[in-house]
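These notes concern the structure reproduced below.
Start at 1 and go down the list; that is how both ligands and their atoms are numbered.
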Amino acid sequence: MSIKIDFNNMMSENIPQGITDAELTKTAAIANKAKAAVDSSRGLNMLGWTELPYNQTAVVKDINEYVKQIEDFCEYFVVLGIGGSALGAVALYNALKHTYYNELPKAKRKHPRFYCIDDADPERLNALFDIIEPQKTVFNVITKSGATSETMSQYLIVSDYLEQKLGANASKHIVATTSENSGNLIKIAKEKGYKTFFIPSSVGGRFSVLSPVGLLPAAAIGIDIAALLNGAKDMDRICQNSDFKNNPALICATLMYLAYQNGANISVMMPYSYGLKTVSDWYCQLWGESLGKAVNRLGEKINVGQTPVKALGVTDQHSQIQLYVEGPSDKVVTFIRVEKFRSEVTIPNGCEAYPDVNFLCGHSLGELTNVEQAATEYALKKAGKMNYTITLNTIDEYNLGSLLYFFQMQTAYIGEFFNINAYNQPGVEEGKNAAYALLGRHGYENKASEISQSGKDIKYIIEI
Ligand code: PA5
């Protein structure tokens, strides 16, 4: 495995607010208990994600066969989904494909263009209709519940559009990824004859990137999904180490937990690679939705959770970093650094008469990026702000599978530290239910009257 995690700047030797060795040793018992809890639930309840690297041989075969079937006509592969049903596929696409993949000519691209609509913005969907050709498009509708308003609305619009354009052939252009035995989408898919892939009931949205939710779109655009799963498998094996200091996800969960106890209630994810920018979006959902909880398993009100924030190196060095270095000590910054970029650019000579510019010449952009990461890490350390750095040798399927699995395991362990259910999302459900009520869905009448009673006071509204 070619991933390195450096947590020197989480420790009190380097950062006064940091964690002492004594604190780490004292927390070992809690860490071991967290690991035992995760271990004993592997594959059970909502921990089906732990088994995805191992139990999908048939699924991978089915996905690859389906991708072959659509290959001769599919020029546009469009994901319709939201939250955990979209963020993983987008992260894989951006990390593993050419930065301007969709703009490449077919001979270089080799696979369909990729789009994801993960909202209900009418302009965005209409804009998509402006650029696709229906007879060359496959829409992958992804929803585990088969009930999410945004996704089901997109589905209704798209199926109507396809039926109008393609008539009886429309069903070949929709593939559904959903629950095998519950929800409406599976019933609709059977009625209409769509190809289907299943999300195991024990895998929640934000832990589903390595299920068909992420694997099908990835395979459709030529990503090696077996290598992704191999990376996850190897990370899982390493995370089975019961010495918590040698279990990367467990030690990092412990550090984050202790940092949170010391007042770091914000987790900044800052990759120094444009390709990894949307891995931060994926991480923010995983961290925020899993760990932001009002009550623990005993029903006690605890209102825990670190607020995840995304930043991008080097871009955000010229915006957010000022706050991170000089603002409150309420954050842990996680840097992701890439040792070897997949392509390089050397900064040419040409400014010999200007020493203040000339010093850049001869260096590469990758070098500049990594020097800036090291410099920012140093500035944070000097200011006494906690941070740690994950270094990937390079960005490829194997390393990305390992990285995503690492974050999932770290999240699961922290959930145990807090003694919370990391797999539910009552706060999200509340909003989803309120939207159903406001749209007049049958069965939500009480919610509708509850909402109308909590009406807004006109005196606090300014209309200009
Ligand atoms: O992590 C989660 O569970 C959520 O973000 C869901 O993925 C999101 O709400 C979409 O749900 P569904 O797949 O049921 O449409």
Side-chain angles (χ1 to χ4, degrees), residues 45-50 52 78-92 116-121 125 139-159 174-189 194 196-217 278-294 305 307-308 310 404-405 407-412 414-415 420-436 439 441 444:
N45 306 319
M46 291 308 289
L47 272 87
W49 60 271
T50 59
L52 294 175
V78 181
V79 165
L80 304 176
I82 197 162
S85 288
L87 290 163
V90 173
L92 295 176
C116 173
I117 303 287
D118 63 349
D119 58 20
D121 184 329
L125 191 56
F139 290 93
N140 183 194
V141 190
I142 309 179
T143 166
K144 185 178 178 194
S145 62
T148 303
S149 302
E150 297 87 343
T151 310
M152 292 313 285
S153 302
Q154 291 162 356
Y155 161 71
L156 286 165
I157 296 161
V158 159
S159 64
I174 295 183
V175 51
T177 305
T178 189
S179 297
E180 188 171 7
N181 298 312
S182 63
N184 291 316
L185 186 58
I186 186 63
K187 294 180 199 144
I188 299 169
Y194 303 147
T196 47
F197 289 92
F198 301 124
I199 309 170
S201 54
S202 58
V203 175
R206 54 195 175 272
F207 287 85
S208 70
V209 58
L210 297 172
S211 79
V213 170
L215 296 182
L216 172 60
T278 51
V279 166
S280 300
D281 291 332
W282 173 86
Y283 168 83
C284 285
Q285 190 216 8
L286 178 71
W287 203 250
E289 204 166 325
S290 303
L291 303 177
K293 295 290 150 72
T307 303
K310 52 193 176 182
L404 299 181
Y405 193 89
F407 285 130
Q408 292 184 161
M409 199 47 110
Q410 184 191 22
T411 304
I414 296 228
I420 54 168
N421 179 350
Y423 304 99
N424 66 3
Q425 50 282 323
V428 174
E429 305 300 343
E430 183 59 37
K432 277 191 177 184
N433 292 339
Y436 294 148
L439 287 166
R441 181 171 164 186
Y444 289 80

Which ligand 1 atoms, with their elements, are less than 4.0 angstrom from a heavy-atom of [X]?
X: Gln285; result: 1 (O), 2 (C), 4 (C), 5 (O)
X: Arg206; result: 1 (O), 2 (C), 3 (O)
X: Ser85; result: 7 (O), 12 (P), 13 (O)

Give me the residue, atom name and distance of the protein heavy atom closest to [atom].
atom: atom 6 (C) of ligand 1; result: Gly84 N, 3.9 Å
atom: atom 15 (O) of ligand 1; result: Thr148 OG1, 2.5 Å
atom: atom 14 (O) of ligand 1; result: Ser145 OG, 2.6 Å
atom: atom 8 (C) of ligand 1; result: Ile82 O, 3.6 Å
atom: atom 9 (O) of ligand 1; result: Lys432 NZ, 3.2 Å

Taking [X] for the side chain and [Y] for the main chain, is one N or O donor matched with an acceptor at less than 3.5 Å?
X: Ser179; Y: Asn181; result: no
X: Asn421; Y: Tyr423; result: yes
X: Ser290; Y: Thr411; result: no
X: Asn140; Y: Val175; result: yes
X: Thr178; Y: Thr143; result: yes

Checklist entry - Less than 4.5 Å apart, any side-chain heavy atom of Leu404 and any of Phe207? => result no
Would you indicate whether the side-chain heavy atoms of Trp287 and Gln410 approach each other to under 4.5 Å?
-> yes
Item to check | Min heavy-atom dist Glu150 to ligand 1 below 4.0 Å | outcome: no
Shortest non-hydrogen pair, Ala176 vs Ala189, comes out as CB-CB, 4.2 Å
Out of Gln425, Glu429, Met152, Glu289, the nearest non-hydrogen contact to atom 4 (C) of ligand 1 is supplied by Glu289
Query raised in the report: Under 3.5 Å between some N or O of ligand 1 and some N or O of Thr151?
Result: no
Would one find an N or O of Ile142, backbone or side chain, under 3.5 Å from an N or O of ligand 1? no
